[in-house]
Amino acid sequence: MEREKDTLVRHISRSHLELAKILHYKSEVAAHLAGLIGQIPDKNPAFADNETLLSQSVNVTRNVTSYLSSLADLEEALATNLGLVVKELESGEENE
């Protein structure tokens, strides 16, 4: 039984590592987009038209929202899995 628990914890750990990698890449994209936005002049920016500006603004907002949502999903997964591990550890201590 202990070996199965160890295997499960290892799989959870690998899963969290992969989620963290995905979030890292998403954060780099969001940071790059934020850097591009920072280069837009405050006065009299020259864009093709308002539709292009609106479209790009929506894309940036979606990207940042997706990143923040992914962070929330990771936090929830970590909390759920940590709760299961703590319960298992507590039940193991009671059995001893």
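For clarity, every value in this text was computed on a predicted model and none was experimentally measured.
- Residue pairs that meet the side chain to side chain donor-acceptor pair (under 3.5 Å) test with at least one member in residues 63-75, sequence neighbours left out, are K26-S66, K26-S70.
- A salt bridge links K21 to E18: one of the charged nitrogens lies within less than 4.0 Å of a carboxylate oxygen.
- In this structure, T61 and V58 have side chains that are not in contact, with every pair of non-hydrogen atoms separated by 4.5 Å or more.
- Hydrophobic cluster membership is shared by L78 and L19, with clusters built from Ile, Leu, Val, Met, Phe, Trp and Tyr side chains linked at under 4.5 angstrom.
- A distance of 10.0 Å separates CG in D6 from CZ in R3, rounded to the nearest 0.5 Å.
- V64 and L71 fall within the same hydrophobic cluster, defined by Ile, Leu, Val, Met, Phe, Trp and Tyr side-chain heavy atoms under 4.5 Å apart, directly or through other members.
- With 3.5 Å as the limit, one finds no donor-acceptor pair spanning the side chains of E28 and H32.
- Atoms NE2 and CG, on H16 and L74 in that order, are 6.5 Å from each other to the nearest 0.5 Å.
- Other residues sharing a hydrophobic cluster with L82 under the 4.5 Å side-chain heavy-atom criterion for ILVMFWY residues are V86.
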